[in-house]
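Data block below; observations after.
Note that this is a predicted model, so its numbers are computed, not measured.
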Amino acid sequence: IMDVIGPERDVPAPDVNTNDRIMAWVMDTYSMHQRHTVTAVVTGKPMAIGGSRGRREATGRGCLIVTRKALERLGIRQDNTRVVIQGFGNVGSMTAKLMQEAGFKIICIIEYDGAVYNPNGIDANALLQHRAETGSILNFPGAENMDRHEAMFLECEVLVPAATENVITSQNAGQLRCRILCEGANGPTTPLADDI
């Protein structure tokens, strides 16, 4: 771990399959090797050991802010904005909750096992509760199930890829029907797709 983490390198943060507890373990292991506590070695730690307020919401809030600026630049009203979010982990769910609170219409949420769609909008909080109870977003009473691949190509103003990398490729970029692509994930768009 000491070869990977150092003062001149990026600070690791929670991502897929990690959380604040794992970040605490990384900090603890690094600190043991340094023989003193080094809280700045990772971000996303629990508040009790030096975590930052708002860290869990930070990327989702960034997606909201960037999307608002893009809408403003394009002259699109926020209240008429339809949003499709690919991924419903920390980034996707926070983006959905914050955008919903701001008045956006979340019409589709896409996950690894399928998608849910409602042209009138999906209640992100209710969907989170449904997933906590069932283990899946599918069969949510407030929406209809949909194929996850087809869902990426729904007509919308904003598409937020917020799951894994290389989701938008040269094979599918030309089929996207969004005005704004707000990248919430790390590297969701390949270089060739970015050109498209």
Problem set entry | Taking every non-hydrogen atom, the tightest pair across Glu165 and Asn186 | CB-O, 3.3 Å
Seminar exercise, completed: Partner of Glu157 under salt bridge (charged side-chain N to carboxylate O under 4.0 Å, His left out), picked from Arg77, Arg82, Arg179, is Arg82
Exercise. In Å and rounded to the nearest 0.5 Å, what is the OG to CG distance from Ser170 to Asp194?
Worked result: 12.0 Å
Exercise. In Å, rounded to the nearest 0.5 Å, how long is the span from CD1 of Ile168 to CG of Asn172?
Worked result: 6.5 Å
Exercise. Does some side-chain heavy atom of Asp123 sit less than 4.5 Å from a side-chain heavy atom of Gln100?
Worked result: yes
Seminar exercise, completed: The reported gap from CD1 in Ile180 to CZ in Arg73 (rounded to nearest 0.5 angstrom) is 11.0 Å
Seminar exercise, completed: Heavy atoms of Lys97 and Leu128 approach each other most closely as CD-CD1, 3.5 Å
Exercise. Do Leu192 and Ile196 belong together in a cluster built from hydrophobic side chains that touch within less than 4.5 Å?
Worked result: no
Exercise. Same cluster for Leu98 and Val66 if Ile/Leu/Val/Met/Phe/Trp/Tyr side chains link at under 4.5 Å?
Worked result: no
Exercise. Can you find a pair of side-chain heavy atoms, one from Asn139 and one from Thr134, that are under 4.5 Å apart?
Worked result: no
Exercise. Is there side-chain contact between Phe88 and Val116, with heavy atoms separated by less than 4.5 Å?
Worked result: no
Exercise. When clusters are formed by joining ILVMFWY residues with side-chain heavy atoms under 4.5 Å apart, either directly or through shared neighbours, do Ile76 and Leu64 land in the same one?
Worked result: yes
For this session: Search all heavy atoms of Asn118 against all heavy atoms of Gly142 and return the closest pair with its distance.
Result: ND2-O, 2.8 Å
Problem set entry | Separation between CG of Asp28 and CD1 of Ile22, rounded to the nearest 0.5 Å | 13.5 Å
Exercise. How many angstroms lie between atom CG of Asn120 and atom NZ of Lys105, to the nearest 0.5 angstrom?
Worked result: 6.0 Å
Exercise. Does Val84 belong to the same Ile/Leu/Val/Met/Phe/Trp/Tyr cluster as Met146, with side-chain heavy atoms less than 4.5 Å apart forming each link?
Worked result: yes
Problem set entry | Contact check, side chains of Arg68 and Glu72, non-hydrogen atoms, under 4.5 Å | no
Exercise. Linking I/L/V/M/F/W/Y whenever any side-chain heavy atoms sit under 4.5 Å apart, do Leu127 and Val83 land together?
Worked result: yes
Problem set entry | Nearest heavy-atom neighbours spanning Ala162 and Val91 | CB-CG1, 3.8 Å
Exercise. Knowing that exactly one of Thr59, Asn90, Ile106, Ile85 qualifies, which makes a side-chain contact (heavy atoms from CB on, under 4.5 Å) with Thr95?
Worked result: Ile85
For this session: Using a 4.5 Å cut-off on heavy atoms from C-beta on, say whether the side chain of Thr81 contacts that of Met99.
Result: no
Problem set entry | Shortest non-hydrogen separation from Glu183 to Thr189 and the atoms involved | OE2-OG1, 2.5 Å
Exercise. Does Phe104 reach the side chain of Thr67, with side-chain heavy atoms less than 4.5 Å apart?
Worked result: yes
Exercise. Out of curiosity, Gln175 CD to Glu150 CD, how far, rounded to the nearest 0.5 Å?
Worked result: 11.0 Å
For this session: Look at the side chain of Glu144 and the backbone N and O of Tyr117, then say whether any donor-acceptor pair between them is shorter than 3.5 Å.
Result: no
Exercise. Do Asp113 and Leu138 come close enough that some side-chain heavy atom pair is under 4.5 Å?
Worked result: yes
Exercise. Judged by atom type as modelled, is there a donor-acceptor pair below 3.5 Å linking the side chain of Glu111 to the main-chain atoms of Ile137?
Worked result: no
Problem set entry | Heavy-atom closest contact (Gln129 atom, Glu133 atom, distance) | NE2-OE2, 2.7 Å
Exercise. Between Arg148 (side chain) and Ile110 (backbone), is there a donor-acceptor pair under 3.5 Å?
Worked result: no
Exercise. Hey, does Arg61 have a side-chain heavy atom less than 4.5 Å from the side chain of Met94?
Worked result: no
